[in-house]
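Positions are given from 1 along the sequence.
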Amino acid sequence: QVQLVESGGGLVQAGGSLRLSCTASGGIVGPYGMGWFRQAPGKEREFVATISWSGGNTYYADSVKGRAIISRGNAKKTIYLMMSSLKAEDTANYYCAEKRSPSGSSDPLSYDYWGQGTQVTVSS
C-alpha cells in the first residue's frame, strides 16, 4: 500500500519562502512520476508542478512558474517543492501525488496515489 506524506506547510508572510516535502513509502520501487497539486477553499484542485522519475523533466503551472522549483531526492522516494515570493493566492492545501509510470503529468486523473495534504497559508 503506497503512502504519501507531505510536510513543510505553515503560515508565512507574503514575499516569503517555504519548502514542502513529500515522502513515498510502500508500493513498488519505481519508476513513477510525481507531482504537486493544491486546493483552496471553494476552488477545484489545481496543478502546481510535476517531475519525472529521473528528475530530468519538470513542468510548472503558469501561476507558479519562476517562483517554484520541484526536485527529487537521490533515493527517488522524496520530492520537494520550493516556493518563493509567496502571494496570498498561494494559500491552499498542497497535495503530492504519485503515478505508476515514469513521466510527470499535469492531469490529476493520471495519478494513482495521493497524500493527505499540507496547509500553506500566506498572510498579506
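Looking at residues two or more places apart in sequence or on another chain, you find no side chain to side chain contact (heavy atoms under 4.5 Å, CB included) involving Asn74. Residues that satisfy the salt bridge (Lys or Arg N to Asp or Glu O under 4.0 Å) test with Asp107, not counting sequence neighbours, are absent from this structure. Remark: Lys43 pairs with no residue by the salt bridge (Lys or Arg N to Asp or Glu O under 4.0 Å) rule, at least two apart or across chains. Gln119 is linked by a side chain to side chain contact (heavy atoms under 4.5 Å, CB included) to Thr91, Asn93, Thr121, counting only residues two or more places apart in sequence or in another chain. Listed by chain and residue number, nothing satisfies the side-chain hydrogen bond (donor to acceptor under 3.5 Å, both in side chains) test with Thr118 (two or more places apart in sequence, or in another chain). Residues satisfying the salt bridge (Lys or Arg N to Asp or Glu O under 4.0 Å) criterion with Glu46, sequence neighbours excluded, are Arg38. Remark: Ser7 engages Ser21 in a side chain to side chain contact (heavy atoms under 4.5 Å, CB included) (not counting sequence neighbours). In terms of the side-chain hydrogen bond (donor to acceptor under 3.5 Å, both in side chains) criterion, Ser71 has no residue partners (sequence neighbours excluded). Shown here are the side chain to side chain contact (heavy atoms under 4.5 Å, CB included) partners of Asp112, two or more places apart in sequence or in another chain: Lys99, Arg100. In terms of the side-chain hydrogen bond (donor to acceptor under 3.5 Å, both in side chains) criterion, Thr58 has no residue partners (sequence neighbours excluded).
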Pair up each side-chain donor or acceptor in residues 78-88 with any protein partner under 3.5 Å, not counting sequence neighbours, and list the distances.
from: Thr78; atom 1: OG1; to: Thr23; atom 2: OG1; distance (Å): 3.1
from: Ser84; atom 1: OG; to: Arg67; atom 2: O; distance (Å): 3.3

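The two atoms that bring Leu20 and Val120 nearest to each other are CD2-CG2, 3.9 Å, heavy atoms only. Shortest non-hydrogen contact noted between Ala24 and Glu98 is CB-OE1, 3.5 Å. Scanning all heavy atoms of the two residues, the minimum distance from Tyr60 to Ala49 falls at CD2-CB, 3.6 Å.
Tyr113 and Val48 fall within the same hydrophobic cluster, defined by Ile, Leu, Val, Met, Phe, Trp and Tyr side-chain heavy atoms under 4.5 Å apart, directly or through other members.
To the nearest 0.5 angstrom, Cys96 atom SG is 9.5 Å from Ile70 atom CD1. Between the CZ atom of Arg72 and the OG atom of Ser52 there is a distance of 7.5 Å, given to the nearest 0.5 Å.
The ring pair (Phe, Tyr, Trp, His ring centres under 6.0 Å) contacts involving residues 35-55 comprise Tyr32-Trp53, Phe37-Phe47, Phe37-Tyr111, Phe37-Trp114, Phe47-Tyr59, where partners must be two or more places apart or lie in separate chains.
Applying the 6.0 Å contact sphere to CD of Gln39 captures more than 12 heavy atoms from other residues, nucleotides or ligands.
Side-chain contact between Leu11 and Ser123 is present, with at least one heavy-atom pair separated by less than 4.5 Å.
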